[in-house]
Structures are given as structure tokens and as C-alpha cells.
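For reference, the structure discussed in these notes is given below.
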Number of protein chains: 2
Amino acid sequence: MFSYKERFKYFLKERNLKYTPERKEIIEAIVKLQKHFDAEDIYQQLRRQESNVSLATVYRTIPLLVDSELIIETLHCRDKVLYERIYNKKHHDHLVCINCGRIIEFYNEEVEKLQDEICRKYQFLATEHRLGIKGYCKGCQDKLNIKINSAKEKK
Amino acid sequence: MFSYKERFKYFLKERNLKYTPERKEIIEAIVKLQKHFDAEDIYQQLRRQESNVSLATVYRTIPLLVDSELIIETLHCRDKVLYERIYNKKHHDHLVCINCGRIIEFYNEEVEKLQDEICRKYQFLATEHRLGIKGYCKGCQDKLNIKINSAKEKK
DNA sequence: ATATAATTGAGAATGATAATCAATTACACC
DNA sequence: GGTGTAATTGATTATCATTCTCAATTATAT
Ligand SMILES: [Mn+2]
Ligand SMILES: [Mn+2]
Ligand SMILES: [Zn+2]
Ligand SMILES: [Zn+2]
């Protein structure tokens with residue numbers, strides 16, 4: 001069980017790529033980031049930790065992090081691509097509230113099994129899957145009902 | 001059971017929006033389009049049918065088509081948003097080949113049921129879901145195996 | 001026919017991401 | 001520890017899908 005940094009170092013060596021200070025700082029930023037983040041979030045975290053890595057380098061490094069299976073692209077949200085760490089983490093899918101943006105993570109064994117079945121049926125070799133359910137979280141349902149009701153009352 | 005055009009007309013009236021020649025031509029283009037299309041595909045279809053509707057109007061009309069539940073956003077593919085018609089069509093999900101871009105559609109009743117269950121569990125009110133499985137279609141698996149093998153042989 | 005709010009096309013703006021390029025640097029090898 | 005070389009970087013520019021602006025036009029209710 002290696003750390004993110006060790007795993008990234010190993011991945012780079014494997015490909016004859018260099019382990020630069022910039023890449024070291026980016027990995028350090030990644031492990032500090034919360035659940036779902038985009039390129040700009042990585043950049044901001046770098047600033048927080050006194051690093052001057054450029055945004056261009058952040059964008060250049062993301063594919064390396066994806067290829068090394070340290071992070072994965074999870075969602076598209078407001079025209080931005082969101083990533084999250086996956087190394088040493090369990091796979092899961094997402095419920096996304098279209099009102100407040102809240103993201104609920106879930107894992108369902110049966111869904112996973114059914115997906116395997118579907119892939120077998122179509123002789124499809126899956127590398128990744130994404131189940132995203134959009135709608136309203138409990139909080140927003142309540143909020144919006146209140147609005148609908150008061151709107152009706154006013155009528 | 002209304003036609004796409006009738007439904008769109010009705011939707012527009014409901015919202016005090018105008019049924020313009022441009023919107024008529026866009027609806028006519030939509031029903032002629034194949035499975036998955038983007039804004040540019042709509043624009044090209046308009047050209048084919050001798051219409052001069054601008055791309056700006058296409059982009060402006062897409063949200064109306066989505067709101068009226070005639071089309072839905074299905075996939076992000078190569079930084080483009082793909083849509084497909086959903087009116088009078090069965091819901092389905094997608095297998096996408098990351099090598100050749102082929103899209104296989106499937107429907108699985110059990111997956112749908114499990115999703116309802118998951119939403120109940122989290123008191124989540126779903127408006128939409130999307131299950132996308134990425135990987136290699138049978139054809140590409142074969143092609144790539146050949147490549148891998150010949151690469152190994154050369155070594 | 002009139003009034004008015006909605007709609008349009010053309011072009012400019014936006015914004016995330018990718019590409020360029022000259023200067024720098026990691027690191028394998030001696 | 002120096003050397004050579006291909007990889008890397010930051011700064012800048014380019015890309016390109018999508019949105020915005022605005023003046024001119026038009027659908028539709030009255
Ligand atoms: Mn997640
Ligand atoms: Mn489809
Ligand atoms: Zn919410
Ligand atoms: Zn394929």
C-alpha cells in the first residue's frame with residue numbers, strides 16, 4: 001500500500017517521465033483536496049501551500065493523475081470537469097441536487113452486478129462506469145414546496 | 001399522441017412564447033436527425049433543408065426543447081454535449097466505446113428499480129438519471145488484441 | 001391596425017482547456 | 001561530479017463551444 005506520492009513517482013518512472021518539484025507539489029495539493037474538485041481548485045490549493053506551479057502545468061498533469069489511477073473524472077458540473085481521488089478508495093456513484101449542488105455518494109452492489117451482466121450481454125469490455133442521478137435533495141424539496149405553496153396561496 | 005411539432009407549439013403557447021418560422025424549422029430538423037446529435041448537427045440539418053436559422057438561435061432553442069421534454073442531454077463526448085429525442089421514446093442508457101465512439105443503447109428494468117430504491121433511501125426526488133458505461137466494443141477489443149499481440153511478437 | 005413583448009442574426013465576449021516555444025532541468029550514463 | 005538529451009516548465013497565445021449584446025424585426029392579443 002503506497003502513498004499517493006510514491007505511487008505517482010513509480011508511475012512516472014515506469015513511463016520515463018520526470019518527478020519534478022511541480023509534480024510533487026501537485027500531488028501534495030491533490031491529497032489535501034476535498035471530495036470533488038476541478039483544475040482551478042487544484043491551482044488554488046497550490047497557492048495556499050506557497051507553490052507557484054502554473055495553471056498550464058496543472059492541466060498538463062491531470063491526465064497523468066488519471067492515467068496513474070490516482071484520480072478519476074466524476075462529473076460535469078456547470079461546464080467544469082470535476083475529479084476525485086480514487087486510489088485506496090471505494091467506487092461509488094452520485095446523486096446530484098440540481099437546486100443546491102449537493103452531492104450524495106452511494107454504492108449499490110446489485111447495480112454493479114447488473115452492469116457486469118449488461119456488459120457480458122453486449123460483449124463489452126468496461127473500463128469505467130458512471131451512474132448519475134439528478135434531482136432534488138430532501139432539503140431542497142422542502143424549500144421548493146414551501147415556495148410552491150406560498151405561490152399558490154398568493155394566487 | 002401529438003407530433004413533435006404540435007407538442008412544441010403547445011409548450012410555447014403555454015409559456016406565452018412565439019411559434020416562429022425559425023422554431024418550426026428547428027423542430028423539423030430535430031425529427032430528421034439520427035440518434036445522438038449536438039448543436040452543430042442541428043445547424044447542419046437546417047442547412048440541408050434550405051433553412052437559414054442562425055447557430056445562435058439553435059443554441060437558444062435547445063433549452064426550450066429540453067424543457068418541453070422533446071429532447072434530453074445524454075452524453076458529453078469530446079467536449080460536445082450530445083442530445084437525443086425522447087418524446088414517445090423509451091428511456092435507455094448507454095455503452096460508449098472509447099476507441100471507435102460507437103454507442104450501444106440498453107434498457108434494464110432492474111437497474112431502474114434499484115435506482116428508485118436508492119432515491120427512496122436518500123429521500124431524493126430524481127428528475128433524471130444517466131448510466132454511462134465506457135470501455136471497448138467487441139470489434140475494438142479484437143482490433144486492439146491484434147495490435148497488442150503483434151507488438152509482443154515484434155519484441 | 002396598434003401596441004408590446006418576444007425573437008432574431010451578426011458579431012463580440014466568455015471561459016475552460018490546449019497548443020506553442022524558448023528557457024530550464026531531471027536524470028541516465030560516463 | 002560533469003555531460004548530453006529529452007522532458008518539463010511558465011508565459012503567452014490559440015481554440016472553440018457556448019453565451020451575450022443590441023438594434024432591427026415580428027408574432028400575436030386586443
Ligand atoms: Mn464522489
Ligand atoms: Mn441513446
Ligand atoms: Zn439540494
Ligand atoms: Zn469500438
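So you know, we letter chains A, B, ... as the sequences are listed, proteins then strands, and number each from 1.
- Both L55(B) and A56(A) lie close to DNA chain D; mapped to their nearest nucleotides by heavy-atom distance, the more 5′-ward contact belongs to A56(A).
- Here the rule is side-chain hydrogen bond (donor to acceptor under 3.5 Å, both in side chains) with H94(B), and of R130(B), K134(B), H36(B) only H36(B) fits it.
- As rounded to whole Å, 13 Å separates atom C1' of dA16(C) from atom NE2 of H76(B).
- When the side-chain nitrogen and oxygen atoms of R23(B) are compared with OP1 and OP2 of dA6(C), none of them lie within a distance under 4.0 Å.
- R60(B) comes within 4.0 angstrom of a nucleotide base, judged by non-hydrogen atoms across all strands.
- Around the NZ atom of K32(A), the shell of radius 6.0 Å holds more than 12 heavy atoms that belong to other residues, nucleotides or ligands.
- The interatomic distance linking R15(B) (CZ) with dT7(C) (C1') rounds to 16 Å, in whole Å.
- As a whole-Å value, the separation of E22(B) CD from dA24(D) P is 18 Å.
- Other residues, nucleotides and ligands contribute only 12 or fewer heavy atoms inside 6.0 Å of the CD atom of E50(A).
- The separation between E40(A) atom CD and dA16(C) atom C1' is 10 Å, rounded to whole Å.
- At the heavy-atom level, D38(A) lies nowhere under 4.0 Å from the strands shown.
- Checking dT9(D), dA16(C), dT18(D) against the side-chain heavy atoms of Y59(A) singles out dA16(C) as nearest.
- Distance CD1 (I42(B)) to C1' (dT18(D)): 13 Å, rounded to an integer number of Å.
- Residue T57(B) places its side chain closer to dG9(C) than to any other of dG9(C), dT19(D), dA16(C).
- We find that CD1 of I62(B) is positioned 7 Å from P of dT18(D), with the value rounded to whole Å.
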Sub-3.5 Å pairs of nitrogen or oxygen atoms, protein against nucleotides 24-27 of chain C:
| from | atom 1 | to | atom 2 | distance (Å) |
| --- | --- | --- | --- | --- |
| dT25(C) | O2 | K18(A) | NZ | 3.3 |
| dA26(C) | N3 | K18(A) | NZ | 3.1 |
| dC27(C) | OP1 | Y19(A) | N | 3.2 |

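- Rounded to whole Å, the distance from NZ on K9(B) to C1' on dT28(D) is 14 Å.
- When rounded to the nearest whole Å, the span between CG of D41(B) and P of dT18(D) equals 11 Å.
- Between H76(A) and V81(B) the shortest side-chain heavy-atom distance does not fall below 4.5 Å.
- Checking dG10(D), dT7(C), dT17(C) against every side-chain atom of V81(A), the shortest atom distance belongs to dT17(C).
- When side chains are defined from C-beta on, R23(B) counts as touching L17(B), because their heavy atoms get closer than 4.5 Å.
- By the 30° and 60° cut-offs, the orientation of the rings of Y4(B) relative to Y87(B) is perpendicular.
- D142(A) has its side chain within reach of K138(A): a pair of non-hydrogen atoms, C-beta onward, lies under 4.5 Å apart.
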